[in-house]
Participant: 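One structure is given below, represented as structure tokens, and several questions about it will come after.
One-based numbering, in listed order, for ligands and for the atoms of each. Positions are given from 1 along the sequence. Scope of the values below: all heavy atoms of this structure, side chains included, with no hydrogens, waters or symmetry mates.
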Amino acid sequence: MKPSILVTRAVFPDVVARLSEHFTVEDNPDDHIFSEAELIQKLQGKDGLFANPADRISAALIQACPQLKAVCNMAVGYNNVDVAAATAAGIMVTNTPDVLNETTADFGWALLMATARRVTESEHYLRAGKWQKWTYDGFLGADVHGSTLGVIGMGRIGQAIARRSMGFDMQVVYHNRSRLTPELEARANNARYLSRDALLQTADHVVLVLPYSAAVHHFIGADELALMKPGATLVNIARGGIVDDAALIAALKQGQIAAAGLDVFENEPAFNPAFLSLENVVLTPHIASASAPTRRAMANCAAMNLIAALSGQTPPNLLNPQAVK
Ligand code: DGY
């Protein structure tokens, strides 16, 4: 008998078809968002879970689903899964690293450019029919070329963002849990390691790409924003919760920093409505990895992990090898 799996949210039909070759699949083409109780009920008798980064796979859910053997997240980030609880229960957890590095780095740059050069703010002005004449000081922004880029979280995506800065003749400073090797620093446009606070004082444009954990909750709050240069910009393509959104709103209102570009929010898809009243913020709905080829690659990567996990192999992107020892 084929193992049974749940695909929690709508995903590419051909990926569901691929999964169906190996498993009895319960999918969700209508993209209904299940409550935790509904998820638990649907997971009874299921061996595997193809999860979406918006699904919360809590310790309570894990305990309530004793047959579950693998949780395969369609995202590189996995803060939505209680990995410690899964490990204790002998459940494999996987993510989708690498396939989204370049696309996510591209989007970090899209937000950086839009934020520094006031792209959406000026488009809103044009669309509102307010553009009557060219003015010497209309929508003056910050230069990107020749400026200093600060990357917080210098993993593979952070390094891809830093590499792109070569074309803009930028200096790169970075902060990371651990320092890169000299070879990797050289490839990342000769990136220079700084403490978080020194980076915030130095960079003209700061991009956050660090993984979320409780240890970095509100890593950028009022005190850190106060360290940034007055004309600086902040981009968050990492996770909501890394920035204290209320503190950021206050800093943007006071013009303490010039502008922010945000793809992720505390409590998304809900977000602090005060952002909507600010012109100096570019807002996007968690789409940094959303190019058609990359989302497909992520879905196939998650499927490949699930197929391996439930056929006695070690999934390529296993996060908790201790679960299977
Ligand atoms: C990830 O992969 O973690 C992204 O944030 C999801 O798009």
Participant: Can you find an N or O of A238 that's nearer than 3.5 Å to an N or O of ligand 1?
Facilitator: no
Participant: Just heavy atoms, cut-off under 4.0 Å: does S289 contact ligand 1 by side chain, backbone, both, or neither?
Facilitator: side chain
Participant: Can you name the closest pair of heavy atoms from E26 and K42 and give their distance?
Facilitator: OE2-NZ, 2.7 Å
Participant: Report the relative orientation of the aromatic rings in F275 and F265; use parallel for angles under 30°, tilted for 30 to 60°, perpendicular for over 60°.
Facilitator: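 Answer is perpendicular, since the angle exceeds 60°.
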Participant: Strictly below 4.0 Å, N to O, side chains only: are E268 and R239 in salt-bridge contact?
Facilitator: no
Participant: Output yes when E123 and R127 qualify as a salt bridge under the 4.0 Å nitrogen-oxygen rule, no when they do not.
Facilitator: yes
Participant: Does even one non-hydrogen atom of M74 get within less than 4.0 Å of ligand 1?
Facilitator: no
Participant: State the atoms of ligand 1, each with its element, that fall below the 4.0 Å cut-off from a heavy-atom position in M298.
Facilitator: 2 (O)
Participant: Which atom names give the shortest non-hydrogen contact between D31 and A10, and what distance separates them?
Facilitator: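 Answer, listing the atom of D31 first, then A10: OD1-N, 3.0 Å.
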Participant: Return the NZ to OG distance between K2 and S20, rounded to the nearest 0.5 Å.
Facilitator: 7.0 Å
Participant: In terms of atom number and element, which parts of ligand 1 are under 4.0 angstrom from non-hydrogen atoms of A75?
Facilitator: 1 (C), 2 (O), 3 (O)
Participant: If the cut-off is 4.0 Å to any non-hydrogen atom of R239, which atoms of ligand 1 fall inside it?
Facilitator: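 Answer for ligand 1: 1 (C), 3 (O), 4 (C), 5 (O).
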Participant: For ligand 1, which is the ligand I care about here, please tell me if G77 has any N or O atom under 3.5 Å from one of the ligand's N or O atoms.
Facilitator: yes
Participant: Where does R295 meet ligand 1, judged by heavy-atom distances below 4.0 Å: at the side chain, the backbone, both, or neither?
Facilitator: side chain
Participant: State the atoms of ligand 1, each with its element, that fall below the 4.0 Å cut-off from a heavy-atom position in L100.
Facilitator: 2 (O)
Participant: Between T104 and ligand 1, which residue portion shows a heavy-atom distance shorter than 4.0 Å: side chain, backbone, both, or neither?
Facilitator: neither
Participant: So which protein heavy atom does atom 2 (O) of ligand 1 come closest to, and at what separation?
Facilitator: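 Heavy-atom neighbour on the protein nearest atom 2 (O) of ligand 1: V76 N, 2.7 Å.
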Participant: Checking side chain to side chain donor-acceptor pair (under 3.5 Å) between N317 and each of N305, T94, T96, which is the one that passes?
Facilitator: N305
Participant: Starting from atom 4 (C) of ligand 1, what is the nearest protein heavy atom, named by residue and atom, and what distance separates them?
Facilitator: H286 NE2, 3.7 Å
Participant: Would you say the side-chain atoms of Y125 and E279 include a donor-acceptor pair closer than 3.5 Å?
Facilitator: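 Per modelled atom types, Y125 and E279 side chains form no pair under 3.5 Å.
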